[in-house]
Amino acid sequence: MAEQKFWLIKSEPFKYSWDDLVAEKEGTWDGVRNHLAKNNLKAMNVGDECFFYHSREGLEIVGICTVSVADILDPTDETGKWAAVKVKPKCKFDNPVSLKQIKAEPRLQDCDLVRLSRLSVASIKPDEWKWICEMAEG
DNA sequence: GCCAACGTTGGC
DNA sequence: GCCAACGTTGGC
């Protein structure tokens, strides 16, 4: 088993929300059309944990999901060039962590979510993961 | 709805 | 291979 890594995946809630994922039990996280995001996707392993972030609406991390299937082909992509993963919901945050809170936290100024706001799959350092989890617990 | 940031495309 | 134009994303 490879070392566990941490990620943040973004989804627009009106397109595919946390509740949709919970309802389905397992969701395919596809539609990535960005090379850096694709590289991150391909670096995911089964068992890695991901923050689930609502973009455009909500603007907060709403919960944690676990990678259940790694490195599959994006079913929405005809060219076969793009990657996807499957994820399962793990837990929902009691207190969702908003982008505002993250930007207000000096230790998180350096994270991919702040620096590369348009990246839909960002990697999270273990420290950053821990801090955000602490914020979610209130 | 606006605008900034970024990626992609296409002309040269 | 460079760079301007354009499209898309996402925060505000």
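Per chain, numbering begins at 1; letters A, B, ... match sequence-line order.
To the nearest angstrom, C1' of B:dA5 lies 11 Å from NZ of A:Lys10. Rounded to whole Å, the distance from CG on A:Leu119 to C1' on B:dA5 is 13 Å. In this structure, NE2 of A:His54 is placed 16 Å from C1' of C:dG11, rounded to the nearest angstrom. Between the P atom of C:dG11 and the CD atom of A:Glu57 lies a distance of 11 Å, rounded to the nearest Å. Remark: C1' of C:dC12 and CD of A:Glu12 are 16 Å apart, rounded to the nearest angstrom.
Using modelled atom types, no side-chain atom of A:Asn40 and backbone atom of A:Ala37 make a donor-acceptor pair closer than 3.5 Å. Under a 3.5 Å cut-off, the side chain of A:Gln109 and the backbone N or O of A:Lys103 do form a donor-acceptor pair.
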Give every pair of a protein N or O atom and an N or O atom of nucleotides 7-9 of chain B that lie under 3.5 Å apart, one pair per line with the distance.
from, atom 1, to, atom 2, distance (Å)
B:dT8, OP1, A:His35, NE2, 3.4

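Residue-level contact check: A:Lys100 touches neither bases nor backbone, having no heavy atom under 4.0 Å from any strand. Across all strands, A:Leu116 comes closer than 4.0 Å to no nucleic acid atom at all (heavy-atom distances).
Within a 6.0 Å radius of NZ in A:Lys125, more than 12 heavy atoms belonging to other residues, nucleotides or ligands are found.
Taking the ring centroids of A:Phe51 and A:Trp129, they lie under the 6.0 Å cut-off.
Cation-pi geometry between A:Lys38 and A:Trp82 is met: under 6.0 angstrom from the ring centre, within 45 degrees of the axis.
With the nearest nucleotide of DNA chain B identified for both A:Arg115 and A:Arg56, A:Arg56 has the one nearer the 5' end.
At a cut-off of 3.5 Å, with distance as the only test, a side-chain donor of A:Asp48 or A:Trp7 sits close to an acceptor on the other residue.
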